[in-house]
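What follows is a short report on a single structure.
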Amino acid sequence: MTERRYDPTLIEPKWQHLWEREGTWEVSNDPEDAEGEEKAYVLEMLPYPSGEPHVGHLKNYALGDAIAHFHRRTGQRVLHPMGYDAFGLPAENNAIKTGVHPREATDKSIASYRHWFHRWGISIDWSRELASHQPSYYRWTQWIFLQLLERGLAYRKEAAVKWCPHDQTVLANEQVIDGRCERCGHLVELRQLEQWFFRITDYADRLLDDLDRIDWPTRVKAMQRNWIGRSEGAEVTFRCEDVDPAHPIDYAVFTTRPDTLFGATFFVMAPEHPDVLKLVAGTEQEQAVQDYVNHALTESAETRGDVDKPKTGAALGRTVINPVNGEPIPMYVADYVLMEYGTGAVMGVPAHDQRDYDFATAFHLPIRPVVAPAGEDDPDVSDQAFTAHTDDERLINSGEFTGMDAQAGRDAIVTWLDREGAGHASVNYRLRDWLISRQRYWGCPIPVVYCEKDGMVPVPIQDLPVELPEVEDYQPRGRSPLGAAEDWVNTSCPRCGGPARRETDTMDTFVDSSWYFLRYCDARNDEAPWDRRVLDSWMPVDTYIGGIEHAILHLLYARFFVKALHDMDLLEAEEPFKQLFTQGMILGADGNKMSSSKGNVVAPSQIVERFGADAARCYVLFIGPPEQDAAWSDSGVEGVHRFLNRLWRAADELLAADDRPRPAIQPSDPEGDGLTLVRKANWAIEKVTGDIRGRFAFNTAISAVMELVNEVYRHRDADPEARRFAVATAASLVFPFAPHLSCEVFERLTGERVWEQPWPDADPDMLTAETFELVCQVNGKVRDRVTAPTGAPREELERLAMASRGVQGHLNGDQVVKVIVVPNKLVNVVVR
RNA sequence: GCCCGGGUGGUGGAAUUUGGUCAGACACGGUCGCCUUAAGAGCGACUGCCUUCGUGGCGUGAGGGUUCGAGUCCCUCCCCGGGUACCA
């Protein structure tokens, strides 16, 4: 065979077409086909199609593909599908600007993504492809919505919601970052609106507890725990008898420190609390309180949220009774108390809470310590005693509870409150229900209608999908653009047949992506979202790969969906993603996040055109540990390309001498350089396998193949059969990272399709040499190295070391105190 | 503040499983050589710092400690990145 240059533009399309023609990566749902094979569901987060894919996508899919390929070749039945998260704001904003239907830009972008996934040679089961904007998909998104509605997990309520004045839509709490819209950065306002919610708070405990059952990065788990924010404590009732002693009003507060109840010296309500103005009506405090509340409500979330801001507030001129000691304490309104958390009111315990301390100092309120280290009965409160915590804290100044250990006192006080009907143990969450309505066009319509007679009526399942109507104007004007499609909005009530109007809000796009991994399992099912038997055969996703930016939103919502659907008996799994892998970002060459304004964007298309898909894929995996961020380097890609080229030429040299394709079998009794090569090849098998399995260390896996190839170059005179074995092994091992080159080289050498070959097994006999270099230390310093037989007993190693010249030269006649022998490694002689 | 990560050459990083030699694999960059009319590609050698070149000294953010032996374990601290925050 004539010499051939490594030309990715020739070999890559060749294999891509073959895989496509043969549907190589399609996997059947028929249990008959499984033949006892284990399943592996490998999934990368689906892309939001916008323009062309960028290097982050390349890394994401190169990672997932490597894992999918590895599982296939180790005998697993692999589901590796692809789809598009097609609804969303960028396409819609573009439509507002250009007047072109968002579907057009979206479909164009999808075509581009699809093209590049083929061009990168990602092993996708294309028969399951989906996009969330297709009626055949969102029909089932609506179906799931109706299931949630039926079980009370979807509901409508009027609430103060976060409103983005720029995007003209409400936002979920999770989409508000530092008081600003996560998408456009505008300050978020509060609006009182009737909106749709999903009752995710019902699942707070399970979402928290089940984190212990999944193999996710600790930091993602920590973020979710943080977000759910479970606090254990007690609800305590304070009674206000000032306004009308005949009709006392009870105010509950939540506290995590019921043990400090005797230290409450004041009581504070949030400015939004509905009773604040009622409490001061007609009193001399009315004007001052009114002014303060107005000020607090108009203040931006940002200013108000500033922890370092001095405490402000206004006295209400009323008191409440502390249930434990009957003491009246003054009431205030202050903006450091939030209406959204707990009950919107708190007890002020300045001796044991920083914020209460600051407030008490500003308003000259008494500070009474009630918890102190054992033996201290009069701790110094000027010094913020609450910050110090010791193990032996006891209650002081606490009536009948005085002297109890803090933990026991806490329990005793809660028990007492319960008995007296003045409180009970309670748990609070930071997590709020998920607000899913959006006043935008490009989303999944909410399938309900409003009838004058029957009120809110769900659209019957047989009428799904409620298709998105065509409109002229995509601009939201404080209400959904869907409202303008009069023909669509006006409909008849499914219940009474009378006139009705459709819901015009669409769903948050996170709803679409909360169940797509379920649909892949049975993507072409027209009768149901999935067949449960099929679904259960694939779920859960074994390995899920994506960016850390989805640590809270998407991953929490998807977990909620799976739990809710499980409770409806629609699937077996209780967690969607058994193992999660969060990849790091690829930064620009300057170390900054890639952005067109910085001019540091690397387009994968350019790299693929210049060096080929294999080099591009290998490079993004070789660049560093995949979970870490890494800066792009042009010379780095060249280096990887050089390596692939060297592998190609190593094969080419062999083929130039003998181009008969035949299985590359390990020579039975290699010697000399041949033995070195065979050993190195087996070492590489062991190393690459270990690096992929268990730890996703693709960077070191690739470097091991590089070492093997370097070794082949170092021993060009070795026995050709040993070289053939080494080169074919390198080609086989590099398959998950550079599949095209791997296929081409492997086929030319052996006549076989590499993906049909089982993953190689290392020959244990070739993993250890007969001898090793024994390190001989004296007092921990290396003084000699001698050759010793592998597996030699301790005594022999000790004898060899003691006899070595280096050790003898450093004993200096000192007394040998101890000899440490580490088999197959070293001997350390300790002398004095 | 609280919760997660992390700090190793000029650079990205390696040293996996239970602490076990020689820290720095692999790659980038650099220096030199071969090949070439030349350039490029390719091939090969060297490349932590210091050095009075000695079988020399110093080196994994800083300081302590445990150990025959520490990048790896423990304590104290500093710095960087991320998440979260008047959440009671």
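Just so it is clear: chains get the letters A, B, ... in the order the sequence lines come, proteins before strands, and each one is counted from 1.
When the P atom is compared between rC32(B) and rA39(B), the two are found 13 Å apart, to the nearest whole Å. Comparing the P positions of rU18(B) and rC86(B) gives an interatomic distance of 41 Å, to the nearest angstrom. When the P atom is used for both rG24(B) and rC46(B), the distance is 14 Å, rounded to whole Å. Of the C1' atoms belonging to rG10(B) and rC4(B), the separation is 31 Å, rounded to the nearest Å. If you take atom P in rG59(B) and the same atom in rA70(B), they sit 12 Å apart, rounded to whole Å. Comparing the same atom, P, in rG48(B) and in rA27(B) gives a spacing of 15 Å after rounding to whole Å. On the C1' atoms, rU11(B) is 27 Å away from rG57(B), given to the nearest whole Å. rC68(B) and rG13(B) have their P atoms separated by 36 Å, with the value rounded to a whole Å.
Under 3.5 Å, the side chains of Asp275(A) and Tyr251(A) contain a donor-acceptor pair of N or O atoms. There is no side-chain donor-acceptor pair under 3.5 Å between Asn682(A) and Glu686(A). The closest side-chain donor-acceptor pair between Thr201(A) and Asp433(A) falls under 3.5 angstrom.
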Quick one, give me the B/S/- string for nucleotides 22-27 of chain B, reading 5' to 3', where B means a protein heavy atom under 4.0 Å from the base and S means that only happens at the primed atoms, P, OP1 or OP2. S--BBS
Under a 4.0 Å heavy-atom criterion, the protein footprint on nucleotides 79-88 of chain B, written with B, S and -, is ----BSSBBB
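A search for side-chain contact (heavy atoms from CB on, under 4.5 Å) contacts involving Ala264(A) returns Asn322(A), Ile329(A), Met347(A), Val349(A), not counting sequence neighbours. With sequence neighbours left out, Glu711(A) forms a salt bridge (Lys or Arg N to Asp or Glu O under 4.0 Å) with Arg714(A). Contacts of Phe363(A) classified as ring pair (Phe, Tyr, Trp, His ring centres under 6.0 Å), with partners at least two apart in sequence or in another chain: Tyr332(A), Phe359(A). Every side-chain contact (heavy atoms from CB on, under 4.5 Å) that Ala360(A) has, sequence neighbours left out, goes to Phe266(A), Pro350(A), Leu365(A), Ile367(A). With sequence neighbours excluded, the residues satisfying side-chain contact (heavy atoms from CB on, under 4.5 Å) with Met585(A) are Leu587(A), Lys593(A), Asp629(A). By the side-chain contact (heavy atoms from CB on, under 4.5 Å) test, Pro823(A) pairs with Arg794(A), sequence neighbours left out.
Here Pro625(A) lies in heavy-atom contact (under 4.0 Å) with sugar-phosphate atoms only. Residue Ala222(A) is in sugar-phosphate contact alone, with no base atom involved, counting any heavy-atom pair closer than 4.0 Å across all strands shown.
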Please tabulate, for side-chain N and O atoms in residues 641-651 of chain A, each donor-acceptor pair with protein atoms closer than 3.5 Å (sequence neighbours left out).
unit_1: Arg646(A); atom_1: NH2; unit_2: Asn710(A); atom_2: OD1; d: 2.9
unit_1: Trp648(A); atom_1: NE1; unit_2: Arg4(A); atom_2: O; d: 2.8

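Contact of the Leu797(A) side chain with the Leu774(A) side chain is registered, since non-hydrogen atoms from C-beta on lie closer than 4.5 Å. Counting heavy atoms from C-beta outward, Lys59(A) and Val55(A) have side chains that stay 4.5 Å or more apart.
Between Asn645(A) and Ile623(A), the one whose closest nucleotide on RNA chain B sits nearer the 5' end is Ile623(A).
Closest to the Arg716(A) side chain, of the nucleotides rC43(B), rU21(B), rA15(B), is rC43(B).
Between Arg649(A) and rC43(B) there is a side-chain N or O to OP1 or OP2 distance below 4.0 Å.
For Gln354(A) and rG1(B), the CD to P distance is 12 Å, given to the nearest whole Å. Remark: P of rU17(B) and CZ of Arg695(A) are 8 Å apart, rounded to the nearest angstrom. Nucleotide rC3(B) holds its C1' atom 14 Å from the CG atom of Leu211(A), rounded to whole Å.
Cation-pi geometry between Arg559(A) and Trp216(A) is met: the NZ or CZ atom falls under 6.0 Å from the ring centre, inside 45° of the normal.
His352(A) places a side-chain N or O within 3.5 Å of a backbone atom of Val371(A) that can act as its donor or acceptor partner.
With a 3.5 Å limit on both pairing distances and Watson-Crick or G-U wobble geometry required, the stems of 3 or more pairs in RNA chain B span B:1-7 with B:78-84, B:10-12 with B:26-28, B:29-34 with B:42-47, B:48-50 with B:56-58, B:61-65 with B:73-77.
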Distances under 3.5 Å only, N/O to N/O: pair up the protein atoms with those of nucleotides 67-69 of chain B.
unit_1: rC68(B); atom_1: OP1; unit_2: Lys818(A); atom_2: NZ; d: 3.2
unit_1: rC68(B); atom_1: O2'; unit_2: Asn828(A); atom_2: ND2; d: 3.4
unit_1: rC68(B); atom_1: O2; unit_2: Asn828(A); atom_2: ND2; d: 2.6

Name the pairs: protein N/O against N/O of nucleotides 57-61 of chain B, kept only if under 3.5 Å.
none

Test Glu707(A) against Lys687(A) for salt bridge (Lys or Arg N to Asp or Glu O under 4.0 Å), laying out the working first. CA-CA 11 Å; Glu707(A) 283 193 54; Lys687(A) 172 80 178 151; over 6 Å; no
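Aromatic ring pairs are classed by plane angle as parallel below 30°, tilted from 30° to 60° and perpendicular above 60°; the pair Tyr619(A) and Trp632(A) is perpendicular.
For rG12(B), the glycosidic angle deviates from 0 by more than 90°, giving an anti base. An anti orientation is assigned to rG56(B), its glycosidic angle lying beyond 90° of 0.
In terms of heavy atoms, Ile607(A) sits closest to Ala616(A) at CG2-CB, 3.8 Å.
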